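Lettering follows sequence order; numbering is per chain, from 1. Just so you know, these numbers come straight off a predicted model, no measurement behind them.
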2 protein chains.
Amino acid sequence: MSIKPAYMTATLAKGLDVLEALSDEEEAGLSDLARKMGLSGPTLFRLLATLAACGYVQKSAANRYRLTLKTWEIGARAVRRIGLREQAHPHMERLATELDETVHLSVLQGDGIVVIDKVDCANPVRVDTFVGLRAPLHGSATGKAILAFLPEATLDELLPSRLLRHTDATIIDRAALLRELAQVRRAGWARNREEWRPGVCAAAVPVRDATGTVVAALSVTVPSSRFANDVVRDRLVPALRRAAEAITREVTRKGQ
Amino acid sequence: MSIKPAYMTATLAKGLDVLEALSDEEEAGLSDLARKMGLSGPTLFRLLATLAACGYVQKSAANRYRLTLKTWEIGARAVRRIGLREQAHPHMERLATELDETVHLSVLQGDGIVVIDKVDCANPVRVDTFVGLRAPLHGSATGKAILAFLPEATLDELLPSRLLRHTDATIIDRAALLRELAQVRRAGWARNREEWRPGVCAAAVPVRDATGTVVAALSVTVPSSRFANDVVRDRLVPALRRAAEAITREVTRKGQ
DNA sequence: CTTGCGTTTTTCATATTTTGAAATAGGCTT
DNA sequence: AAGCCTATTTCAAAATATGAAAAACGCAAG
C-alpha cells in the first residue's frame with residue numbers, strides 16, 4: 001500500500017503494512033503472512049516481535065498472530081477528541097426509533113468516510129453495517145453530503161481522476177458527480193441509490209459545528225425496498241434535518 | 001515505553017512510539033515532539049513523513065501533526081471480531097434504563113481492561129468515562145471480575161509484583177487482592193470502592209461465552225454517593241447478573 | 001521411536017538504511 | 001531588514017536491517 005514520497009523510513013512502513021494485513025484476518029501464521037506480503041521469514045519475524053513487544057500484536061502458543069485492541073485504544077482517543085459523538089448519540093437514538101431505520105454518524109477520513117457511531121433500528125430487515133465501516137466518498141450518501149460542502153480545492157484532492165465503479169448505479173463521471181453535489185448543496189441532503197452495494201440505499205444530511213463548518217454527516221441506511229421517493233422526501237429527510245440541527249445546537253451550547 | 005526483547009527492529013518501535021505520543025495530544029509540532037521523545041529533528045521528521053504517507057497522521061498547513069482515524073479503523077475491525085458488542089448492546093441499554101446508572105462492557109487488553117462499549121444513564125450526576133477508556137486490573141471492578149476467573153498462570157503474568165497505588169483505597173497488597181479475587185469467584189461479582197479514582201465506585205459481573213469462558217465484564221459505574229451496600233446487593237448486582245446471563249444466552253444462540 | 005516435512009528461530013556477514021551534524025530554507029516578529 | 005525559531009535537505013559515518021543458511025521445533029505418519 002501507499003506511495004513512496006521522498007522521505008520514508010522503509011522499516012516503519014513495512015511494520016505498518018503488517019498491522020494492516022493483520023487487521024484483515026482473524027489471525028495469521030508467520031510463513032503465510034510472509035508469502036502474502038512478500039517479506040522474508042526472518043524480517044517478518046522481527047517485525048512481528050517488535051509489534052508484539054509494543055503491544056500491538058499477540059502471539060498465541062500455536063505461533064499465530066493477531067491484533068490486540070491497542071490500535072483501537074489509540075484511535076479511540078482521537079475519536080474522542082472529535083467530540084460530537086456523545087452529543088449526537090441521544091439524537092441518533094431518537095431518530096432510529098422514530099424512523100425505525102438504522103442511523104449512522106460518519107466523518108471524512110482519508111479518501112473515504114468512516115462510521116464513528118451508529119444506532120440500529122428494530123426492523124429485522126436491515127443493512128449489515130458496523131462502527132468503523134469505511135465507504136467511498138462518491139458512492140455513499142454520507143460521502144456526498146460531506147463532499148458537497150468542502151472547499152473546491154480539497155474536493156479536487158480527494159476525488160481521484162477515475163471514480164471507481166462499485167455497482168451499475170455508481171456515478172463514475174466526474175462532471176455528473178459535480179452536478180449532483182451542486183444539487184446536494186441546494187437541497188441540503190444527499191442520497192445513494194445502490195451506488196455502492198446492491199440493495200442498499202441511504203439519505204444523509206451534513207452536520208455543522210458551532211462555526212457552521214460541516215464536520216460530519218448523519219444518515220439513514222435503508223434497504224431498497226423501503227426507499228420510495230416520497231418516503232425519503234416526506235419522512236426521512238425532514239427527520240434527519242431536524243436531528244442534525246439539534247446536534248449543532250447541542251454542540252454550540254456545550255462548546256461554550 | 002515497552003521493554004526490549006531480543007528481536008526488535010528499532011525503527012518500527014520508534015514509529016509506534018510516535019503514534020502513541022500523538023494520541024496523547026490534540027496536535028503537536030515537530031520540534032516539540034522531538035524534544036519530548038528524545039529523537040533528533042530529522043529522525044522524527046522522517047518518521048512522521050512515513051506515518052503521514054501511510055495515512056496514520058495528518059500534517060496541517062501550519063506544520064502541525066495529528067492522528068487520523070486510521071488506527072481506530074484498523075482497531076475497529078479487531079473489536080468487531082470480538083463480536084459480543086452488538087449482542088450485548090440492547091441488554092446494556094435496558095440495564096442503564098432500569099438502574100439509571102452508566103453501564104460498561106470491557107475486555108482484558110494488555111495489563112488492563114478497556115471499555116469497548118457503554119451506555120450512559122439519564123442521571124445528570126454521573127462519572128465521566130468513554131469508550132476506549134483503560135483501567136487498571138487491580139483497581140477496577142471490571143478488572144477484578146475478569147481476573148478472578150483467569151487461570152492462575154495468566155494471573156501471575158498479568159499482575160506486576162508491585163501493585164500501583166492510585167488512591168488511599170487501592171489494594172496494593174498482593175495477598176489481599178488474591179483473597180478478594182477468591183471472594184469474587186464465590187460471590188460472582190466484584191466491586192470497586194474508590195480504588196482507582198476518588199468518588200468513583202463500581203460493581204461488575206463476568207460475561208461468559210457459549211463455552212463458559214469469561215470473555216468480558218459488565219459493570220455499572222456509580223458515584224460514591226449512590227453506592228450504598230444494600231443498593232449494590234439488592235439492586236445493582238441482581239440486575240447485572242440477569243443482563244450478563246441474557247448476553248451469554250444471546251451469544252450462545254447466535255453462535256450456532 | 002524414528003523419519004521427514006513444514007514451520008519458526010537463530011546466527012552472521014553484508015548491504016542497506018538510518019542517523020544526526022551541519023547547512024539551507026521558510027516563517028514570523030520586532 | 002534583521003533575528004530567531006522551526007522545518008527541510010544534504011551527506012558521510014555508523015548503526016541497523018537483511019536474507020541465506022543453519023539450527024531447533026512440532027507434528028504426522030510410518
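Atom CZ in A/F45 sits about 7 Å away from atom C1' in C/dT8, given to the nearest Å. Computed from coordinates, the A/Y7 OH to D/dA7 C1' distance equals 11 Å when rounded to whole Å. What separates CG of A/L30 from C1' of C/dT10 is a distance of 13 Å, to the nearest Å. Look at CG on A/L44: it is 16 Å from C1' on C/dT10, rounded to the nearest Å. Nucleotide D/dA7 holds its P atom 12 Å from the CD atom of B/E27, rounded to whole Å. Between B/R64 atom CZ and D/dC5 atom C1' the separation is 13 Å, expressed in whole Å.
The shortest side-chain heavy-atom distance between B/L147 and B/L159 falls under the 4.5 Å cut-off. You'll find the side chain of B/L51 stays beyond 4.5 Å of the side chain of B/L67, heavy atoms only. A 4.5 Å side-chain heavy-atom check between A/L181 and A/K144 finds at least one atom pair inside the cut-off. Side-chain atoms of B/N192 and B/T142, non-hydrogen and from C-beta on, never get closer than 4.5 Å to each other.
Listed here is the closest heavy atom pair of A/G41 and A/L30: O-CD1, 4.1 Å.
The aromatic rings of B/F45 and A/Y7 lie perpendicular to each other, with more than 60° between the two planes, well past the 30° mark.
From B/L47, atom CG reaches atom OG1 of A/T9 across 5.0 Å, with rounding to the nearest 0.5 Å. For the atom pair B/E27 CD and B/L33 CG, the distance stands at 11.0 Å (nearest 0.5 Å). Note that OH of A/Y56 and OG1 of A/T68 are 8.5 Å apart. Values are rounded to the nearest 0.5 Å.
Over its full length, the helix from C/dC1-D/dG30 to C/dT30-D/dA1 turns its helical axis through 40°, comparing axes from the five pairs at each end and rounding to 10°.
Contact between the side-chain N/O atoms of A/N63 and the OP1/OP2 oxygens of D/dC25 is not found at any separation under 4.0 Å.
Ion pairing between B/R35 and B/D32 holds under the 4.0 Å rule for side-chain N and carboxylate O.
Contact annotation for A/R35: backbone-only contact, meaning every heavy-atom pair under 4.0 Å involves sugar-phosphate atoms and none involves a base.
A cation-pi arrangement is found for A/R208 relative to A/F149, the charged atom lying closer than 6.0 Å to the ring centre and inside a 45° cone about the ring normal.
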(Q) So if I define the base as every atom that isn't primed, P, OP1 or OP2, how would nucleotides 25-30 of chain C read as a B/S/- string at a heavy-atom cutoff under 4.0 Å? (A) ------
Taking only N/O atoms, report every protein-nucleotides 17-24 of chain C pair under 3.5 Å with atom names and distance.
residue	atom	partner	partner atom	Å
C/dT18	OP1	A/A10	N	2.8
C/dT18	OP1	A/T11	N	3.3
C/dT19	OP1	B/K14	NZ	2.4
C/dG20	OP2	B/S40	OG	2.7
C/dG20	OP2	B/T43	OG1	2.3
C/dG20	N7	B/R46	NH2	3.3
C/dG20	O6	B/R46	NH1	3.3

